[in-house]
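What's counted below: heavy atoms across the whole structure, side chains too, no hydrogens, waters or symmetry copies. What you see is a predicted model; the values in this text were computed from it and never measured. We count ligands from 1, going down the list as the structure has it; atoms in each ligand are counted the same way.
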Amino acid sequence: MLSVEDHYETLLSDVYTWLMGGFAQAKQQNIAFFSHRNIKPTGSGIAVDLGAGSGFQSIPLAELGFNVTAIDLSRKLLNQLTSNAKTVDIKTIKDDILNFPHHLSEPCELIICMTDTLTHLKSKSDVLALLQHAFNSLEDNGSLILSFRDLSNELKDTDRFIPLRSDENIIFTCFLEYEAETVKIHDLVHLKTNGTWTLNKSCYRKLRLSVPWVEAELLNIGFELQESSENGGFQTIIAVKKVTAEHER
Ligand SMILES: C[S@@+](CC[C@H](N)C(=O)[O-])C[C@H]1O[C@@H](n2cnc3c(N)ncnc32)[C@H](O)[C@@H]1O
């Protein structure tokens with residue numbers, strides 16, 4: 001069993017962008033995501049992308065005019081982000097997302113943690129710490145955008161084998177092994193080199209976060225829920241920091 005950081009370093013970072021359909025397609029999906037929700041800078045313009053990967057969200061946000069800080073544990077993916085950025089400047093920081101407040105000098109308008117990064121944290125108490133840090137770091141009316149897979153329902157038997165993507169040179173399959181609070185994600189990558197197939201395999205854990213649990217904890221912290229919707233197995237939650245008299249005291 002590898003840590004998340006080692007799993008990305010040894011296996012996933014080399015194929016992640018390809019796995020998500022390629023940079024251009026993934027970027028376009030996120031441009032549509034932000035445009036559909038009319039997300040653009042209206043306050044400080046400071047945005048933080050937690051688990052930014054190769055920039056599928058950071059780059060559209062920077063192109064919308066946000067001043068983006070992208071944080072990730074994977075140096076390889078952050079290097080890809082910088083080369084994908086081309087016309088926009090994005091500050092990249094290699095660190096654990098739990099440390100993100102140390103990298104901020106001012107409250108921010110937008111914090112995002114998308115495409116399952118939240119479930120990569122080690123425990124629900126780490127998730128709670130992250131949500132609380134987000135609330136503390138946002139300016140009034142600032143938003144937190146989360147997207148993640150609700151893994152609370154267990155797949156059984158052969159349904160746990162999931163073909164994710166393949167082409168003539170790569171076949172990426174995932175196998176899920178359910179535990180009480182977590183799922184062991186076994187990534188199996190068949191790679192063809194000079195006509196010969198080799199198998200790279202690696203395993204890490206994701207948290208089984210249920211949507212009602214995340215919603216309840218956000219409300220408990222003081223967020224208002226602006227959106228909670230499901231699309232293609234991913235839940236999107238947009239939570240807004242509305243400062244009430246109680247929080248101001
Ligand atoms: C599934 S990818 C999502 C990347 C990007 N947001 C996207 O939509 O493609 C998860 C990312 O989070 C990063 N990550 C996971 N746990 C992390 C942590 N504790 N601190 C920093 N980055 C983390 C991984 O390196 C990876 O780039």
Under 4.0 Å, heavy-atom basis, I'd like to know which part of Ser13 is in contact with ligand 1: side chain, backbone, both or neither.
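Neither part.
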
Salt bridge flag under 4.0 Å for residues Lys124 and Glu181:
yes

Which residue owns the protein heavy atom closest to [atom], what's the atom, and how far is it?
atom: atom 8 (O) of ligand 1; value: Thr115 OG1, 2.5 Å
atom: atom 14 (N) of ligand 1; value: Thr117 CG2, 4.2 Å
atom: atom 25 (O) of ligand 1; value: Asp72 OD1, 2.6 Å
atom: atom 6 (N) of ligand 1; value: Gly51 O, 2.7 Å
atom: atom 19 (N) of ligand 1; value: Asp96 OD1, 3.3 Å
atom: atom 17 (C) of ligand 1; value: Leu73 CD1, 3.7 Å
atom: atom 9 (O) of ligand 1; value: Tyr16 OH, 2.6 Å
atom: atom 20 (N) of ligand 1; value: Ile97 N, 2.9 Å

Verify whether one side chain among [X] and [Y] offers a donor that lies under 3.5 Å from an acceptor in the other.
X: Gln235; Y: Ser228; result: yes
X: Thr82; Y: Asn79; result: no
X: Thr236; Y: Ser229; result: no
X: Asn30; Y: Gln57; result: yes

Within 45° of the six-membered ring axis of Phe135 and under 6.0 Å from that ring's centre, is NZ or CZ of Lys241 located there?
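Positive - Lys241 is close enough to the ring of Phe135 and near enough to its axis.
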
Stacked cation flag Arg37 on Phe33, 6.0 angstrom / 45 deg:
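Ring-cation test returns yes.
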
Taking only heavy atoms of Ala52, which atoms of ligand 1 are found under 4.0 Å from at least one of them?
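It comes down to these atoms of ligand 1: 5 (C).
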
Any side-chain to backbone donor/acceptor pair from Arg208 onto Thr182? Under 3.5 Å, distance only.
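Checked: no pair found.
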
Heavy-atom contact under 4.0 Å between [X] and ligand 1?
X: Ile71; value: no
X: Leu77; value: yes
X: Asp95; value: yes

Contact (N/O only, under 3.5 Å) between [X] and ligand 1:
X: Gln57; value: yes
X: Tyr8; value: no
X: Met114; value: yes

Return the orientation label for the His120 and Tyr8 ring planes: parallel under 30°, perpendicular over 60°, tilted otherwise.
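Answer is tilted, since the angle falls between 30° and 60°.
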
